Structure formats: C-alpha cells, structure tokens
Asker: 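I have a structure I would like to understand better, so I am pasting it below and will then ask my questions one at a time.
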Amino acid sequence: MDDNNNDAALPVGGGEEQRTSVETKIERIKSKNPKERLFSITFDKFEELPLDKDHEIASSTFSCLGFQWQINMYPGGETKSLSDMVAVFLERRSGDRELAIKYSIGLSKDGERINRQDENVFDGSDIWGWLNFCSRSEIIGDWKEYEDGGFLEKGALTFHVGIQLDEFIPKNPASSIMLKLFNDENSADVVFEICEQQKSDSESDRKRAKTSTEKLFHAHRFILQHYSAELSALCATSDGMTPIIITDVKPEVFRHLLYYVYGGEISDEDFAVHEKDFINAADKYGVTNLKLEAEIWYVNNTEITIDNVIDNLLYADAMNCALLKESVMDFIVENKEEVMQRVSFQDVPGDVCKDLLAAMSRHYEKDSPCDDGEDETEVEKTYSKMRIRDLRQRLDAKGLDLDIDGSREALIANLKEHS
C-alpha cells in the first residue's frame, strides 16, 4: 500500500506532558535510491505502549544530513486522527535553517507493505507526518499461536524512514562517460564479430551456408576484465584487433549484453522480446545481473501449465535459474493431483527434490523471518523455506562481492558462511 499524501499535516494538540521518550533501536540500512538515507527504527513492546489520545511516544534521535531527527508516534492517535488510527510524524530536533526534503515512513513484513511519502520544507524544529498513518488493528494483525501477526516482530514495530534532499543535484557523470565508450571504435582495443548462422535441414544447404548477419562490436579489455571472466578470457584469444568470432548469439542480443556491461539499461520492450535469449547469453558470458533481471521477466511473463511444466523445470535446472525453478515447484505443489496424473518425471534430475520440499514447506507452513541471532539449526531451517528473492536480497545486503546467481543450496551455503 503506497500513499503519497495521506493526511500529511503538522500535529495539533498534545504537549510535553504527554510525551514519553523511549529507547529505540536505530540502524542505517541500504537503500536502492543512492540519494536516500534510509533508517530502521524499532519500538519494542508496541502493544504495551499507552493508548491515550494525544500521548506521544518519541524515538531516540538519529543523525541525517547534518541534523538530528526523531520519529513521534501516537499509538492511540492524535487529536484529529480517526478512530483506531495510529499517527506518525518526523520531527527535526536541531538546526534553524529551512530544509526542503523528501521523506518516507513505512512498514513491511512478509511481502506486505505500507509506505507513506511526502515532501515539505522543515523550518526549525518542524514536525510533518500523517494523522492517519494506518490502523492499530492493521499493525497488530490477526492473532496466531506462537507467531506475531500484522507488522510486529517479536512484539516490536519497526519503521523504515527515508530522508533525502529535495534539491537539484547533478548526477555523477561517470556512468554517462562509460556509456560513451560503448562500441567506440577509436578507443577500443578488442573487437567481436557476431555471426548468426542460418539454419537449414538440408546437408547441401549447410555446406553452402553463409552467415545471415555479421556485426562488429568494439570494446575495451580493461572494462571486460573487471566485469566478466568469460568475456575477459575471450579477449585473451585475440591478438590486437583481430576479430573474436561469436556464432551462438544473435547480434542484437550481444549488443544489448555489451551495452549492459557498459552501464546501460535495457528497455521493457527489449526484455519482453529477448528475455530467454538474454538468460542464455548472460549465463554463457558471465553477465550475472542481466541474467537475473531477464529471469525475473521470464518468470513474470511465462504462464506455467501442465503442458510446459517439465520443459520449464529442465530449462531452469540446465541454466541454473533458481527463481524459475521455484516458480515451477510452486505450480507443482499447487496442482499436485493433476501433475501426478498427467506429468512424467522420468527425465527430471534427482537434485530437484530439495526445491520441491522447500515449496511444500512454504505452501503448508507460513514463511517465518530469519533472526541472525537464532540457533544455527533454526537458521538453517528458516533459510531452507525462504524464497529465492529473499535469499538473494540477504546476500546482496551483506555488501560483499558474493555470487547471487546459484541454486538454492548454493545461496544458502553462501549465507551461512557469511552469517
């Protein structure tokens, strides 16, 4: 649930006599937006906080953009809040000069998400936020034995708070400079010749076959060496500007792959047309992120059916596409009776059993979050039930140069090694 302007307003009423300051756990976390400073702010024992109207619960302060900030929450609502609504505000606690910022406050758990966003000028110790952030019942959720409902984790409520300057900031030109080098013949020191062979069933035609398309792409060894071991190894086979012949990739697909290596983005239209070609080429030539992005496109655009389930499973296994394999396994579990009657598993490798068991575990038992402080055996059990996207996100969040393109077993082993 996203909301750009949900009753954003200055709080009215309340006072210092109704403010309770609590010790909160505050951590800086990684944001997908490089301009945004993102923090997690955790209030323990949410259900035990005062429910009086206008009773403000103030977090510990945190530093951002050279100022001190805090989150003010009203578990029982502010004066003008609707019934059962929790009010949440961002307050600047230091500095007097005007500061134009974009800010967001959100909650997330198990794929569910609430996110409020706005932009305002903070003048002195201004307070901006939402009188009706969300309902208390939505935060607490339905009661479940041995398990928190709603957005609570072990009774605690964690807000994700993002802050960034609402000012024009010119982009770092490094990416555009890199893109200007793409296929630049004058500065290149290696060249690829992409030859797409014609296909023919006739032996005489094959003997006379000519390349249907020939295309030259110029590149730089230094860049390829730092991006792809496979492309770097190909460069080592060429002296000077002698073309490196490639016959197993369509010219337009290789062009996109090389453009991606140089920092370019591929359009939605091109992904829709070449998603499987991108998986194949990126897997062969070691462009991992492109492969994972194309895999997401393929999974979202492909309807798994009884007729194609085994073909997709075999393809996922051959190409090491863990996300696609997970999608296939989910389909098998959800349609187990029809699959048992109509599908043959004769050609399926035996190592897919763990993926199938993981899918069954997710289907019959709700995913539970993994606490890095848990017992090693419990952590391993939790990892085994997690979705591929969550395993990949956890590895990426480690901030290490870890391989996130691998089987479920490989991802879990990597996580355990770096826990």
Side-chain angles (χ1 to χ4, degrees), residues 30-35 170-195 215-267 270-271 274-275 277-297 319-323 389 391-407 410-411 413-415 417-418:
K30 185 178 180 180
S31 173
K32 294 181 179 179
N33 180 356
K35 295 181 181 179
K171 291 183 178 180
N172 186 325
S175 58
S176 60
I177 292 172
M178 177 77 84
L179 273 176
K180 289 179 181 178
L181 294 175
F182 167 68
N183 208 21
D184 181 47
E185 186 173 353
N186 294 327
S187 62
D189 57 5
V190 65
V191 61
F192 296 92
E193 182 176 350
I194 313 303
C195 305
K215 183 72 175 180
L216 299 180
F217 293 99
H218 297 81
H220 305 78
R221 297 171 190 265
F222 178 79
I223 294 174
L224 300 183
Q225 286 169 0
H226 287 269
Y227 199 102
S228 165
E230 289 77 3
L231 289 174
S232 178
L234 278 179
C235 293
T237 66
S238 171
D239 294 328
M241 296 295 286
T242 303
I244 299 170
I245 308 297
I246 293 179
T247 61
D248 56 0
V249 179
K250 297 174 183 177
E252 63 270 25
V253 171
F254 190 83
R255 181 188 183 281
H256 284 301
L257 180 142
L258 201 59
Y259 184 69
Y260 191 92
V261 168
Y262 278 74
E265 295 184 359
I266 297 175
S267 70
D270 287 318
F271 267 119
H274 299 296
E275 53 195 14
D277 290 325
F278 286 149
I279 293 175
N280 297 339
D283 182 73
K284 178 166 184 176
Y285 294 108
V287 185
T288 301
N289 284 22
L290 175 58
K291 176 188 173 182
L292 298 183
E293 192 171 352
E295 182 188 8
I296 292 171
W297 271 88
M319 302 304 297
N320 207 11
C321 292
L323 189 67
R389 65 169 183 266
L391 294 172
R392 287 174 174 172
Q393 285 176 347
R394 282 179 175 268
L395 278 174
D396 185 64
K398 297 289 183 182
L400 305 172
D401 188 19
L402 301 175
D403 186 7
I404 59 174
D405 176 28
S407 66
L411 295 175
N414 225 343
L415 271 173
E417 182 181 351
H418 295 88

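When reading the values below, keep in mind they use all heavy atoms of this one structure, side chains included, and skip hydrogens, waters and symmetry mates. On a predicted model such as this, the values are computed, not experimentally measured, just so you know.
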Asker: NZ/Lys180 to OG/Ser175 distance, rounded to the nearest 0.5 angstrom?
Answerer: 10.5 Å
Asker: If I compare all heavy atoms of Ala294 with all of Ile279, which pair ends up nearest, and what's the gap?
Answerer: CB-CG1, 3.7 Å
Asker: With the threshold set at 4.0 Å, does a side-chain nitrogen-carboxylate oxygen contact exist between Arg392 and Glu295?
Answerer: yes
Asker: Do Glu252 and Asp277 have side chains that get closer than 4.5 Å, going by heavy atoms?
Answerer: no
Asker: With a 4.5 Å limit on heavy-atom distance, are the side chains of Ile266 and Phe278 in contact?
Answerer: yes
Asker: Within a reach of under 6.0 Å around CD of Gln225, are more than 12 heavy atoms found that belong to other residues, nucleotides or ligands?
Answerer: yes
Asker: Please round to the nearest 0.5 Å and tell me the distance separating atom OG of Ser238 and atom CZ of Arg221.
Answerer: 5.0 Å
Asker: May I ask you to check whether over 12 heavy atoms, not counting those of Lys35, lie within 6.0 Å of atom NZ?
Answerer: yes
Asker: Are side-chain heavy atoms of Lys284 and Asn280 found at a separation under 4.5 Å?
Answerer: no
Asker: Less than 4.5 Å apart, side chain to side chain, heavy atoms only: is that true for Ile246 and Leu234?
Answerer: yes
Asker: Quick check: does any side chain N or O of Lys291 sit under 3.5 Å from a backbone N or O of Met319, one acting as donor and the other as acceptor?
Answerer: yes
Asker: For Ala188 and Ala219, which heavy atoms make the closest approach, and how far apart are they?
Answerer: CB-O, 3.1 Å
Asker: Quick one: does Tyr285's side chain get under 4.5 Å of Asp248's, heavy atoms only?
Answerer: yes
Asker: What closest approach, in Å, do Gly406 and Ala322 show between heavy atoms, and which atom pair accounts for it?
Answerer: O-CB, 3.3 Å
Asker: Checking Glu185 against Val191 for the side-chain contact (heavy atoms from CB on, under 4.5 Å) test, could you report, in this order, the C-alpha distance in whole Å, the side-chain angles of both residues, the deciding distance, and whether it holds?
Answerer: CA-CA 9 Å; Glu185 186 173 353; Val191 61; over 6 Å; no
Asker: Test Ile296 against Phe271 for side-chain contact (heavy atoms from CB on, under 4.5 Å), laying out the working first.
Answerer: CA-CA 10 Å; Ile296 292 171; Phe271 267 119; over 6 Å; no
Asker: From Tyr227 OH over to Leu258 CG, what is the distance, rounded to the nearest 0.5 angstrom?
Answerer: 11.0 Å
Asker: How far apart are the closest heavy atoms of Pro243 and Glu193, and which atoms are they?
Answerer: CB-OE1, 3.7 Å
Asker: Let's go through Ser187 and Asp184 carefully: what are the C-alpha distance in whole Å and the side-chain angles of both, what is the deciding distance for side-chain contact (heavy atoms from CB on, under 4.5 Å) to 0.1 Å, and is it a yes or a no?
Answerer: CA-CA 6 Å; Ser187 62; Asp184 181 47; 2.5 Å; yes
Asker: Please walk me through it: do Ser267 and Asp270 pass side chain to side chain donor-acceptor pair (under 3.5 Å)?
Answerer: CA-CA 5 Å; Ser267 70; Asp270 287 318; 2.9 Å; yes
Asker: Would you say the side-chain atoms of Asn183 pair up with the backbone N or O of His218, donor to acceptor, closer than 3.5 Å?
Answerer: yes
Asker: Could you pull out the closest heavy-atom pair between Ile404 and Leu395, with the gap in Å?
Answerer: CG2-CB, 3.6 Å
Asker: Please step through ring-ring contact (aromatic ring centres under 6.0 Å, His included) for the pair His226 and Phe222, ending with a clear verdict.
Answerer: CA-CA 7 Å; His226 287 269; Phe222 178 79; 4.6 Å; yes
Asker: Does the side chain of Asp283 come within less than 4.5 Å of Thr288's, by heavy atoms?
Answerer: no
Asker: To check you understand the geometry: which heavy-atom pair defines the closest contact between Tyr262 and Met178, and what is its length?
Answerer: O-CG, 3.0 Å
Asker: Which value, rounded to the nearest 0.5 Å, describes the distance between Leu224 atom CG and Ser232 atom OG?
Answerer: 7.5 Å
Asker: Nearest 0.5 angstrom please: Arg389 CZ to Arg394 CZ, how far?
Answerer: 12.5 Å
Asker: So do the side chains of Leu181 and His220 get within less than 4.5 Å of each other, counting heavy atoms only?
Answerer: yes
Asker: Per the side chain to side chain contact (heavy atoms under 4.5 Å, CB included) rule, which among Leu231, Val190, Val261 passes with Ile223?
Answerer: Val261
Asker: For this output row, return yes or no: ring centroids of Phe192 and Phe217 closer than 6.0 angstrom.
Answerer: no
Asker: Evaluate the side-chain contact (heavy atoms from CB on, under 4.5 Å) criterion for residues Thr237 and Ile245: first the C-alpha distance (whole Å), next the side-chain angles of each, then the deciding distance (0.1 Å), finally the verdict.
Answerer: CA-CA 10 Å; Thr237 66; Ile245 308 297; over 6 Å; no
